[in-house]
Amino acid sequence: MPFRLLKYALKKEHPAPRFFKSLETPKKSYDVVIIGGGGHGLAAAYYLAKDHGITNVAVLEKGYIGGGNTGRNTTIVRSNYLTPEGVNFYDASVKIYEGLSEELDLNLFYSTRGHFTLAHTESAMRTMRWRAEVNKHVGVESRVVGPDEIAKACPQLDLSCSGQAPILGALFHAPGSVARHDGVAWGYARGADGYGAEIYQNTEVLSIDVKNGKVCGIKTNKGYIETKQVLSAVAGFTPRITEMVGLETPIVIHPLQACVTEPMKPWLDTILVSGSLHVYVSQSSRGELVMGSSLDPYEVHSTRSTLDFVEGLTSHMLDMFPFLSNVKVVRQWAGMADMTPDFAPIMGKTPIEGFYLDAGWGTWGFKATPISGKTMAQTIANDSAPDLIHTFRLSRFEDYELTGEKGAASVGH
Amino acid sequence: MKLLTCPVNGTRPLSEFIFGGEFRTAPDQNTCSDADWAAYVHNRQGAPGDKKEWWYHSPSGTWFIAERNTLTDKVSRTYLLADAKKADVKKVAVKKAVVKKPVKESK
Ligand SMILES: Cc1cc2nc3c(=O)[nH]c(=O)nc-3n(C[C@H](O)[C@H](O)[C@H](O)COP(=O)(O)OP(=O)(O)OC[C@H]3O[C@@H](n4cnc5c(N)ncnc54)[C@H](O)[C@@H]3O)c2cc1C
């Protein structure tokens, strides 16, 4: 790195470095076409090349890369889930994240903060104990802590929550982290591009050709592309893509909103989540408080923001931190969350040959970006899903083998 | 503030309502296949468009049907399930009125 910097400094011209080639028109055919240039699609392209040597790959993005939920999320990375299968899967992702800045040669601002899920009721405490035991069993660092330890980690927190909902304890998860979300998309894009994969922005998939139950090509706004393997990694747009191939899924779309305050000096080291108060918060490296809540209460395919959301969220924030009453909210936004009934993703093969699905990421998919890219690349390369994601297969619904993660994913994303 | 019209209590703030999901009719459990039943239990029409949905006005405990576009979030009409037939009649009447309007104005 220092040498590159020196070479750059001695040069006369300093063109802005590009992360990936600016390409206009896709080729006539590819071995694999990936729909969606979010973190998941780009990571899949990267691992297809790196792990499997498959580089004749196009990533098609209808807007700009990372402009979907990847660039809209609140970047919490954790593995303190409820099912052993889920904990194993997300733990594998956390492990890749820990070395990802190095691997992609890009500072992702990956910052391990510790993560507290606050419990205000006895029944919440029970869920925390349950999660702690499952986590420990799988080898993930989570434990139940009392109010003392919470106060030590965050002395600014009003433990009585304005007398409304006194905190009884919390699930503490040491590996809980935050990261720079769009950096993850850019890093994977640069990596995939370096291996020869092609990334096309402003390129929208309009329909998918399926003949005799097999994928044979796709129509885009930039022409027809022949391909036998298509990965759909479009998060909030998934029902529109599955409709193109006539595939039914349980996925419905609800907006998920978030907001940030004006920047402050650093005071909040940890990530805090309260299921009862529908709040989660962390402080970004820029000093803003990044805050979110649970899903919008009804289905809409839209990224509009609402006043109801900030009002509800900030009133609960003030229960926890009364001293913030003069701090302003400066930005608010939304993404479209692709929700499943069991709060677990849908990954792997589908009844249509050559059509692979990476979806149902709802409010929790940012943390899974590396591992889902890796396992979907494996699925495409071998035309068979690895054991790690068996629990997330689409056919689990037909088998009534749901992967119940609601208790670990409904507010703390 | 967003508003929704309860067929019994009139137009009220949206915060008084709870979304009950897509209006669906169950297949006959005695004759349908296991796969069809599982699809009915789990699968939804998730793509955007005009939808018939259950909504609940919680202060009065009223369940009713709303026809809403899930892309634009525009509600075209709401009615009680029992009045579904009447609502169809109303829709025709409304249409007629719209057609008549320009004639009236030209008078
Ligand atoms: C407010 C909010 C907070 C969240 N917080 C967290 C969190 O703290 N932790 C966490 O783990 N997860 C969180 N999530 C969830 C997470 O953001 C997503 O699950 C994840 O980013 C999904 O990544 P993706 O690459 O699959 O999809 P996206 O990043 O949405 O990418 C999909 C892309 O597909 C493109 N596309 C769609 N249709 C087409 C088409 N027809 N042709 C071409 N391209 C198309 C879109 O333009 C988009 O760029 C949050 C989500 C939101 C909205």
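In what follows, every chain begins at residue 1, and chains take the letters A, B, ... in the order their sequences are listed.
The ring-ring contact (aromatic ring centres under 6.0 Å, His included) test applied to F89(A) returns F392(A), not counting sequence neighbours. With sequence neighbours excluded, no residue forms a salt bridge (Lys or Arg N to Asp or Glu O under 4.0 Å) with K62(A). With sequence neighbours left out, F355(A) forms a ring-ring contact (aromatic ring centres under 6.0 Å, His included) with no residue at all.
Atom OH of Y64(A) has 12 or fewer neighbouring heavy atoms from other residues, nucleotides or ligands inside a 6.0 Å radius.
The shortest non-hydrogen separation linking F397(A) to A38(B) is O-CB, 4.2 Å. The two atoms that bring A47(B) and P239(A) nearest to each other are N-CB, 3.4 Å, heavy atoms only.
I18(B) does not touch chain A: none of its heavy atoms, backbone or side chain, sits under 4.5 Å away. Neither the backbone nor the side chain of L307(A) comes within less than 4.5 Å of any heavy atom of chain B. For I241(A), no part sits under 4.5 Å from any heavy atom of chain B, backbone or side chain.
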Donor-acceptor pairs under 3.5 Å, chain A to chain B, main chain and side chains both?
| unit_1 | atom_1 | unit_2 | atom_2 | d |
| --- | --- | --- | --- | --- |
| E248(A) | OE1 | N43(B) | ND2 | 3.4 |
| T249(A) | O | R44(B) | N | 3.1 |
| Y298(A) | OH | D73(B) | OD2 | 2.7 |
| E299(A) | O | R68(B) | NH1 | 3.0 |
| E299(A) | O | R68(B) | NH2 | 2.6 |
| H301(A) | N | T70(B) | O | 2.8 |
| H301(A) | NE2 | G46(B) | O | 3.0 |
| F397(A) | O | H42(B) | NE2 | 3.3 |

